[in-house]
Amino acid sequence: MTTTTKGIVESVKDSIVGLIKGTGDIMNTIVDTISGMVTNLVKDTGKTGAAVIESIKDVIGATIRGVVEAGKSLEEGVKGLVIGILKGLKVTGEEAFSTIATLAGTIIKTTVDTGADVVAATTGLLKGVVHSAKEMGVDAEKAVSAAAKGAIKAAYEISVEVGDKVKNAATGTIDGVKVIVREPFSKNKETK
């Protein structure tokens, strides 16, 4: 990470911590902050979808660290992060599903890198996708299933233990929407 990037990341984290502590409304604070940032990034760079997610990977990490540092619910923080990113991206159609899968994988990897609770992050991620699907005009079941698949795949790339945690957290029904993941997550998954 360059010095400039490190400065931006610390600035984002400090801003998130300050806003959360100031308002107490973690989800809406993060949604507003992140959606504005992503909207501006899309306008300034012309990037969309997965390219934007790659560009904001450090911001995702800073937000997760900020939520943890503020002592707030990681589930609510990640939900707000997902809603804010997807609101700022304004993706639709098939691009929405691939973007959601990429975002899910990035959030899981970043959560593990920050040492935060991957189960809470998974639940928040899926709840954020369910909420956002309605606003994006895409099928909520297909969107949450794309998120679960992206999250589980990324988790198994880290380790079997993390993969199992994420798979268990991503199984069932999230906010009234059934999560369906049919494909294998890792060809080399070791047995315990």
Closest non-hydrogen atom pair between A121 and V78, with its separation:
O-CG1, 3.4 Å
Please find the pair of heavy atoms, one from K127 and one from D175, that lie closest to each other, and give the distance.
CG-OD2, 3.4 Å
Residue pair E75, V119: steps toward the side-chain contact (heavy atoms from CB on, under 4.5 Å) verdict
CA-CA 8 Å; E75 181 179 316; V119 173; over 6 Å; no
Heavy-atom closest pair, residues V138 and A96
CG1-CB, 4.0 Å
From S35 OG over to I30 CD1, what is the distance, rounded to the nearest 0.5 angstrom?
11.5 Å
CA sep, side-chain torsions, deciding dist, call: Y156, D164, side-chain contact (heavy atoms from CB on, under 4.5 Å)
CA-CA 8 Å; Y156 276 118; D164 288 345; 2.4 Å; yes
Only pairs at least two apart or in different chains count here, so list each salt bridge (charged side-chain N to carboxylate O under 4.0 Å, His left out) that has a residue in residues 100-109.
K109-E157
For the OG1 atom of T29 and the CD1 atom of I26, what is their distance to the nearest 0.5 Å?
8.0 Å
Taking every non-hydrogen atom, the tightest pair across T110 and K57
OG1-CG, 4.1 Å
Quick check against the 3.5 Å criterion: does T173 have a side-chain atom that pairs as donor or acceptor with the backbone of G176?
no
So do the side chains of T92 and M136 get within less than 4.5 Å of each other, counting heavy atoms only?
no
Is a side-chain donor-acceptor pair under 3.5 Å present for K47 with S55?
yes
May I ask you to say whether K90 pairs ionically with E95, meaning some side-chain N is under 4.0 Å from a carboxylate O?
no
Report the distance from atom CE of M37 to atom CD1 of I56, rounding to the nearest 0.5 Å.
8.5 Å
Heavy-atom nearest pair, A104 first then A151, reads CB-N, 3.7 Å
Going by an N to O cut-off under 4.0 Å, is there a salt bridge joining E161 and K165?
yes
Taken to the nearest 0.5 Å, the spacing of L125 CG from I108 CD1 works out to 5.5 Å
Min side-chain heavy-atom separation L86-I100 under 4.5 Å
yes
Is the side chain of S145 donor-acceptor paired with the backbone N or O of I180 at a distance under 3.5 Å, no angle test?
yes
Might you work through the side-chain contact (heavy atoms from CB on, under 4.5 Å) test for V52 and I85, ending with a clear yes or no?
CA-CA 9 Å; V52 171; I85 291 170; 5.9 Å; no
side-chain contact (heavy atoms from CB on, under 4.5 Å) against V31, all qualifying residues, sequence neighbours excluded:
M27, I83, K87
If I take atom OG1 from residue T111 and atom CD1 from residue I60, how far apart are they, to the nearest 0.5 angstrom?
9.0 Å
Report yes if some heavy atom in the side chain of V179 is under 4.5 Å from a heavy atom in the side chain of T171; otherwise report no.
no
Could you go through the side-chain contact (heavy atoms from CB on, under 4.5 Å) check for V130 and L126 one step at a time?
CA-CA 6 Å; V130 169; L126 297 176; 5.6 Å; no
CD1 on I53 to OG1 on T102, rounded to 0.5 Å:
5.5 Å
At their closest point, which heavy atom of I64 faces which heavy atom of I107, and how far apart are they?
CD1-O, 4.3 Å
